[in-house]
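Down below is the structure, laid out as structure tokens.
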Amino acid sequence: MKSDSVKNGIGQAPARSLFNALGYTEEERKRPLIGIVCSYNEIVPGHMNLDKIAEAVKIGVAMAGGTPIMFPAIAVCDGIAMGHIGMKYSLVTRDLIADSTECMAKAHGFDGLVMIPNCDKNVPGLLMAAARVNVPTIFVSGGPMLAGHLHGKKRSLSSMFEAVGAYSAGTMSLEEVTEYEEKVCPTCGSCSGMYTANSMNCLTEAIGMGLRGNGTIPAVYSARIRLAKHAGMQIMDLVNKDIRPRDIMTKRAFMNAMAMDMALGCSTNTMLHLPAIAHEAGVEIDMEVANEVSARTPNLCHLAPAGPTYMEDLDEAGGIYAVMNELDKKGLLDLDVMTCTGKTMRENIQGCTNKNPEVIRPIENPYMPIGGIAVLKGNIAPDTGIVKRSAVVPEMMVHEGPARVFDCEEDAIKAILGGKIVAGDVVVIRYEGPKGGPGMREMLNPTSAIAGMGLGSSVALITDGRFSGASRGASIGHVSPEAAVGGPIALIEEGDIISIDIPGNALNVKVSDEVLAERRKNWKPRTPEVTDGYLYRYASLVTSGNRGAVLELPKA
């Protein structure tokens, strides 16, 4: 066993004395040591129940003959961090989580790991760590929140953000906003739509690193506790068979995940996280492949914010395996890949049928014949721009309008809520990329303000930052290269006509190459706002959004 290095032989007598200090018995030491990486905290609603999940996992590990040993991972609540300096610290935690988990796992010689994440950067961070450490690993998330209920309709966090815009537009009273506050987030769990956390937990299942239901069983259901116990038991099978993350997280598995991404209509943040996780697994994913996958993969689900259904509805309809079976009808997945069950994905999904064709459209009757995410390119985005096509209204699929240019999110929000943005405008928010932010903030406040002000079907937004999975509308993010490194988005001027053609995968400013070249001569890099601390170190190492914003040492 890998843990022999920390517990066997005369040289490890001091280590054994420390195990004694921890209260572990000789019998426990002789068993495989299983690290339980728990992201429990008291500031993230999606993590407040993870202590219970961890206890269930530990029971499962012990039942199957292992010794569970828990250690923590951090997590930021994107909703609480949104709209201020806190959002600069969201994406950057992905690497802190991966690094700290690597440190703990390798320093203590664990034979296997059970990862217990739930929210946005916590899931990909732990997947990155799993690929990097590469000891047998399984995931069990904390599960999604139940939808809120107001006036006979289901609601979620995106409704809350849009209520702020509606209040500013004078179409909602303060009393109504307060009622939303009370009711849209009724339970613990990751926010109830197909936002980033739920997207990544569902894709963890699709990749093969989580058991059936990992992405969809609601946090408050006792089935989630039973799932955690089964995950604890299953890690012992993986340890005994020496099935490791890189045996599961192969190029074929990532292509399955991307196809599922398109079918589910996941958050655009998956286009950052999948390449970053794959990179740690030794697999390189060029974002060009996203459009190829999208072209052949129909969009089968319209969960909030794209539509009126929620994670609990997807779970009742058959969950991720039911969606996979729909895609398999046209041979769109490679189902002969290994998974954390010790079986192939084909074996896993056998008999998992679609129980609600209104929630999971049959493949013969999709919402769209193509996938939910599109990669755009053009003279604004020579590398990439990403849009959640499934959440864009038909009239905004092709749009031209004057640029309204802002060099930070706060200035854009003031203009939107101040009534200075009108129908037809294209809001440009730049210097919010991985380096420029730094930290690539999510733009949920601006997109929600646009929707709440009644401009969702007439105003577009483009940024070198990114969007929450709760954003909807013609919201194009991850524009690369970013403004901070002189990307063309830095050269756009107020009033320039922006052309958006989502079906044509194009994003352009209608300015000649000669004019752009002249503007470039006068462009100067902005003075960094952050000059010390973790954000400064992050900005000096991070790559562009089209590469997954992975960290890379400067070339000599």
Side-chain angles (χ1 to χ4, degrees), residues 37 39 41 43-44 71-78 80-107 117 119-133 196 269 271-281 383 407-410 429-443 463-466 477-487 489-490 524-556:
V37 191
S39 305
N41 64 46
I43 189 63
V44 184
F71 64 88
I74 64 169
V76 164
C77 179
D78 279 17
I80 294 174
M82 194 71 65
H84 56 91
I85 191 173
M87 183 45 65
K88 294 179 185 286
Y89 286 91
S90 173
L91 179 62
V92 304
T93 64
R94 189 183 68 178
D95 295 278
L96 280 174
I97 291 162
D99 291 349
S100 60
T101 304
E102 174 197 354
C103 292
M104 290 293 289
K106 291 199 171 185
C119 289
D120 295 26
K121 312 312 165 300
N122 187 246
V123 182
L126 289 178
L127 282 165
M128 290 164 67
R132 193 186 299 173
V133 176
T196 305
N269 280 317
M271 295 292 104
L272 278 177
H273 300 324
L274 287 177
I277 299 160
H279 178 74
E280 295 289 352
D383 292 334
D407 285 350
C408 68
E409 176 190 10
E410 288 83 357
I429 306 177
R430 60 194 181 190
Y431 296 102
E432 290 285 7
K435 284 185 179 293
M440 204 178 186
R441 287 195 288 182
E442 288 182 343
M443 301 293 144
T463 180
D464 53 6
R466 59 194 179 90
H478 307 200
V479 169
S480 302
E482 61 176 293
V485 299
I489 191 172
K524 294 180 181 178
R526 294 181 81 203
T527 302
E529 292 183 13
V530 177
T531 57
D532 59 10
Y534 180 63
L535 285 180
Y536 177 74
R537 296 197 303 276
Y538 180 89
S540 68
L541 298 175
V542 71
T543 61
S544 65
N546 70 302
R547 293 185 56 196
V550 298
L551 301 187
E552 191 174 77
L553 290 173
K555 294 179 181 178

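All values below were derived from every heavy atom in this structure, side-chain atoms included, with hydrogens, water molecules and symmetry-related copies excluded. Count residues from 1 along the sequence. Just so it is clear, the model here is predicted, and its values are computed rather than measured.
Inter-residue side-chain proximity for Asp95 and Tyr534 is flagged as met; some heavy-atom pair is nearer than 4.5 Å.
When Thr463, Asp383, Ile489 are each tested for a side-chain contact (heavy atoms from CB on, under 4.5 Å) with Val479, only one passes: Ile489.
The two residues Met443 and Arg441 make their nearest non-hydrogen contact at CE-O, 3.4 Å. For the residue pair Pro438 and Val530, the shortest heavy atom distance occurs at CD-CG2, 3.8 Å. Nearest heavy atoms, Leu535 versus Val92: CD2-CG1, 3.9 Å. Listed here is the closest heavy atom pair of Glu432 and Asp464: N-OD1, 3.0 Å. Asn41 and Ile43 make their closest contact through OD1-N, 3.1 Å (heavy atoms, listed as atom of the first residue, atom of the second, distance).
Checked by atom type and distance alone, the side chain of Glu482 pairs as donor or acceptor with a backbone atom of Gly436 at under 3.5 Å. For Arg466 (side chain) and Met440 (main-chain N/O), a donor-acceptor pair under 3.5 Å exists by modelled atom type. Between the Thr101 side chain and the Ala98 main chain, no donor and acceptor come within less than 3.5 Å of each other. Between the side chain of Arg430 and the backbone N or O of Ala490 there is at least one donor-acceptor pair closer than 3.5 Å.
Going from atom CG of Asn122 over to atom CD1 of Ile97 covers 4.5 Å, rounded to the nearest 0.5 Å. Atom CG of Leu91 sits about 6.0 Å away from atom CG of Leu272, to the nearest 0.5 Å. We find the SG-CZ distance between Cys103 and Phe71 to be 10.0 Å, quoted to the nearest 0.5 Å. Between Leu127 atom CG and Leu274 atom CG the span is 9.0 Å, to the nearest 0.5 Å.
Shown here are the side-chain hydrogen bond (donor to acceptor under 3.5 Å, both in side chains) partners of Lys121, two or more places apart in sequence or in another chain: Asp78, Ser90. Among residues two or more places apart in sequence or in another chain, the side chain to side chain contact (heavy atoms under 4.5 Å, CB included) test is passed with Glu280 by Met128, Ala131, Arg132.
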Does Asp120 form a side chain to side chain contact (heavy atoms under 4.5 Å, CB included) with Glu442? I'd like the steps, not just the answer. CA-CA 11 Å; Asp120 295 26; Glu442 288 182 343; 3.9 Å; yes
Given side chain to side chain contact (heavy atoms under 4.5 Å, CB included), test Val44 with Val76 step by step and report yes or no. CA-CA 7 Å; Val44 184; Val76 164; 6.0 Å; no
For His478 and Asn269, run side chain to side chain contact (heavy atoms under 4.5 Å, CB included): C-alpha distance rounded to whole Å, both residues' side-chain angles, the deciding distance at 0.1 Å, then the answer. CA-CA 9 Å; His478 307 200; Asn269 280 317; 4.2 Å; yes
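The neighbour count for Ile80 CD1, taken as heavy atoms of other residues, nucleotides or ligands under 6.0 Å away, is above 12.
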Donor-acceptor contacts, no H, no angles, side chain residues 538-551, under 3.5 Å, sequence neighbours left out:
residue: Ser540; atom: OG; partner: Arg537; partner atom: O; Å: 2.7
residue: Thr543; atom: OG1; partner: Val550; partner atom: N; Å: 3.1
residue: Thr543; atom: OG1; partner: Val550; partner atom: O; Å: 2.9
residue: Ser544; atom: OG; partner: Asn546; partner atom: OD1; Å: 2.2
residue: Arg547; atom: NH1; partner: Glu552; partner atom: OE1; Å: 3.4
residue: Arg547; atom: NH2; partner: Glu552; partner atom: OE2; Å: 2.7

